[in-house]
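Proteins come first, then strands; the chains are lettered A, B, ... in the order of their sequence lines, and each starts at number 1.
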Amino acid sequence: MPLTRSLKTKARRKAALAMASLTTLALLSLAACGGSETSENTQPASTTATSDANDPCETASGSLTVYSGRSEKLVADLFSQFSTDTDIDVEVRYGDSGELAGQILTEGNATPADVFFSQDAGALGAVSEAGLFIELEDSILNRVAAMYRSESNNWVGTSGRARVVLFNPTLVATPPTSIDELLDPQWKGKIGFAPTNASWQSFVTALRVLRGEDDARTWLEAFDANKPVAYEKNGAVRDAVNAGEVALGLVNHYYLYEKIAAEGAENVVAQNQYLPGDIGGLVNVAGIGALENSDNPEGSQCLASYLVSDSAQGFFVEKSFEYPLVDGLAPFDGLPTLEELDPPSIDLSDLQSIAETQELLNDVGLLSL
Amino acid sequence: MTRPPLALVLPGLLAALTSIAPLAYLFDIASDRGLDFVWDEIWQQRTIELVARSLFLAASVSIVSVFISVPAAWLVTRGDIPFRSGWRVLLALPLAIPSYLAAFAWISWRPSLAGFTGAFVVLTLVTYPYVFLPVCAALSRLNPAIEEIAVIHGRGRSLQLILLAARQVRGSIATGALLVALYVLSDFGAVATMRYDAFTWVIYSSYRSGFNPSRAAILAIVLVLIALALLFGEKILRGQNESLLSARSVDANPRHRVSIKPVAIAFLSTIIVFALAFPIWRVVTWVYRYGSEDSMADIATALWHSVFFSGLAALATIQLALPIGILAGRYPSRSTTLLEQSTYVTHALPGIVIAISMVFLGVRLLEPIYLRTPLLVIAYVALFLPVAVGSIRSAAEQIPDSLDEVSRSLGLSQWGIVRRVTLPLLAPGLLSAGALVVLAGMKELPATMLLRPTGSETLATRLWTYTSVSDYAGAGPYALAIIVFVSIPTAIASRRL
C-alpha cells in the first residue's frame, strides 16, 4: 500500500520536523526565558527577545492553571517546554475558546484560571469587557504591533490568521477578490462556509463594525440569497472545496497548508485566494490574557511573555502555518507577508460583540445550519 | 394504600433535589432581563418554529423506534428464532454508539444526509434500544396464560400475538418511547453533526458565545415544559394494566412458532447492519487506513478516566435512584409519582445546560470540589438518574403486591419488607441500572468537557477533539475504544433486563 506508506513517512517526517523545531525552541528559550543570571549578562542588548530589564520570568515560580482554547495537539509541547524552561508547572484545561470564555464569565471572580489562551480575539474581548483581566506588562505588549493587541492593554495576540477564499481551480478560473464579488449570481449554491465557526463570526463582526449594522445586514441577506452551503467546521469546508463539492470556501489561510502537510501537495488541488485591502481579508489573532484574580500573577505574565518570544513565534509558524506577530519574523514559506495582505484596520477588541453578530445572523437566518 | 417508609422518602427527596437544582440557575439567568423579555423571546416566530421542528424530530424518532423495537423484542423473547439471546444482545448494542460518533460515521460517508433525514436516521438507530430493552424485560415476564388462551382461540399468527403482547406491555413501550423522545430533545451531537436546527443546537450556540445566556436559559425552560408535557402523556399511555405481568422472568415460557422466519431474521439483521455494523465498519476503516496518532498510553489513560468517572457515577446514581424507584414502583401515589417524574426533568435538559448550571453553582457553593471528580459525578447523577430510576421502577412494580401482604402477615415491618423481599428481587434491575449509567457516562460529552478535572481527558473528550477537526487518524482509536468498552456495560444491561 504505497499510499499508506507515504502517509506514514510523511507523518514521521512531520514528527521529525516538530522535534527539530522543539529543540530549537528549547535552545532559544533557554536564552530568552531561562531567567538565569549568566544568560542575562552575556546576552547582547540588541538581540534581547523577551529579556527586557524587567523580564516577568525573572522571579516567577509556582504553578499556573491555563484555560486553553487552542488545541492540545498544537500547544501541549509548547507548554511542557515552558515548564522545563521556567520551572513553572502548568495545568492546562483544553476546550473550545467560546466555551471556555463562557466558563470564565460564569465562574466570575472565583475562576480557578490564571491565564486564558484563546483561539480568537472575540473571546478575549468578552472576558476583558467583563473586567476579569489584568493589564499585561509593557515589555510584553511592545513586542506586538498595536493592531494585534488589546487597546486596554490586557491581552496580546500571539499569532495571526488571514481569512481567504479557498477555491477549486478545476471549477473556478478567476476567484473573487472581495466579499462583494461573492454576491455575484454565478456563485449561487457554490460557496461553502461554517456558520458556527468563530473565525467566520469574527469576520461578520468586523463587517458590522466597519460597514455599520444596516450595510452588514444588506450584505448578509444578499449572501444568504446566494444559497451558501453550510458546514459544521472549516475543515469540512476545505475538504468540500478540494473535493469539488463546492467551488469556493470561506476559511482561514492555514487550512490549505494543513491538508498539504497531511496528504502531500500533489494530492491537494484547492488554492488560497487572498483578499488584500478587503474586509474579507480580516486578520484575526489567537491571544493570551491574564486573569485578575490569579494567585500567581508573575507566572501569568511570564507565560504571556514566553508566547511572544521569537522561539514561540517560530513554533506557531512551523506547526500551524500561522502569522508571527512580532516585527521582523517571516511567515511560513511562500506566504505573503502581513503587510502585503493589507488587512482591514479594526480594533480587534471590537470583535467581542459576538452576541450582536449572532443575533443578526439569527435574524437573517444564517446562524443555524 | 400503605405508607412508604421514611428511610426511602428522605433520600428520594434528596435525589429529586439534585435533579432540580440546575433549574434554579436557569430561572435566575432567564429572568435577568425582566419578564417581558422572557415573554417576547418565547412568543417569537423563530422560537415557535424551533419547538415545532424539535417536536417533529422527537415524535418521528419515537414512533419509528417503537415500530422497530416491539416486533424485534417479541421475536427475541417469545419467538422460536435461533440464537435468541445473541440477537437480544446485538440489538441492544447500538446503545454503545455515541450519537455524535454515529452521525459522524454517516455524514462522512454521505454528506447529503445532512438535515432532518440524517438526524432522524441516526437518532432512531442509537435510541431505539431505549424502547427495545424495557419491552424485552416486560415481555419475558408476561403471564403466558393469556397467550395460551389466545392461541387456543385460534389467534396464533405472529402479528396477532405481537399486537396482543404489545397491549399488555404498553407501559414499558410508553416509558421507552418517552426516554427516546427526551433523549432526542436533549441530544446535541447528532443534530449538530447533521446540521439540523433543533433546540439544543440553538441553546448551545447561545451559551457557547457566553454572551446571550438569557435566551439560552429561556429556551432551556421551554424545553423543560415540553418534557413535563411528555411525562403527563406517558402517564396516560402507561395505563393501569401492569398487573398482567408475573413476578419474575418466566424464561421457561412457551416459544411461538414464527410463521415467516426468513423475514423475521432479515428484519433483525437489517437493524443490526444499520445501527451497529455500519458505524463499526467506518471506525475500523479509519483505524486500518490511518493508524493511530496517539500512543497506547494516552488511549489507556483516557479509557481509565472514562471508566473511573462513570463507575463512580453508577454507584452514586444507584444509591439515589433506588429509593425513588422503589417508591414509584411499590408505593404509587400522587406524591411518589411526582418525586419520580421530577428526576425526568433534567433528562430533557441538554448536557451543556446542566454543565453550565453546575459551573455556576459549583464555583460558588461547592468551590472545594469544583473541577474535581465529585462535582462531575454529581452532574452525571443529575443527568442519568431518570435512566436508573426507570429501570429500577419497572423492576419494582413487577413484584406482586401479594408478596408484601404475605410478608406483612408473617410479621415483617415495612422496612423489613423493603430489605428482605423487595431488594433481593430488584438485584438484576440494579445491575442493569448501573450498567446503563456506566454506558451513558462513558458516552457523555458536554458535562464531561466542562466539569472534568483539569487535565483528565476521557475517551469522549478526546474523540470530540479529533472529530471536530475531521481528524480520522486521531479519532479512530478513541472511537473504537468507546465502542468496544461501552459494549460491555451495554451487554450486561441488555442481558439482565
Worksheet item: Checking heavy atoms, do the side chain of Glu367(B), its backbone, both or neither come under 4.5 Å from chain A?
Response: neither
Worksheet, complete the sentence: Rounding to 0.5 Å, atoms CD (Glu72(A)) and CG (Asp294(B)) come to a distance of 8.0 Å
Discussion item. Return the OG1 to OH distance between Thr454(B) and Tyr94(A), rounded to the nearest 0.5 Å.
Written reply: 11.0 Å
Worksheet item: When rounded to the nearest 0.5 angstrom, what is the spacing between OG1 in Thr106(A) and CZ in Arg364(B)?
Response: 7.5 Å
Worksheet item: Between Tyr370(B) and Glu107(A), does any side-chain donor sit less than 3.5 Å from a side-chain acceptor?
Response: yes
Response to the item:
In this structure, CG of Leu450(B) is separated from CD of Glu99(A) (nearest 0.5 Å) by 5.0 Å
Worksheet item: Could you give the distance from OG1 (Thr465(B)) to NZ (Lys73(A)), rounded to the nearest 0.5 Å?
Response: 10.0 Å
Discussion item. When you compare the side chain of Leu371(B) with that of Arg93(A), does any pair of heavy atoms fall below 4.5 Å?
Written reply: yes
Worksheet item: Given that the side chain runs from C-beta out, which part of Leu50(B) has a heavy atom under 4.5 Å from chain A: side chain, backbone, both or neither?
Response: neither
Response to the item:
If one checks every heavy atom of Ser71(A) against chain B at 4.5 Å, the contacting part turns out to be neither
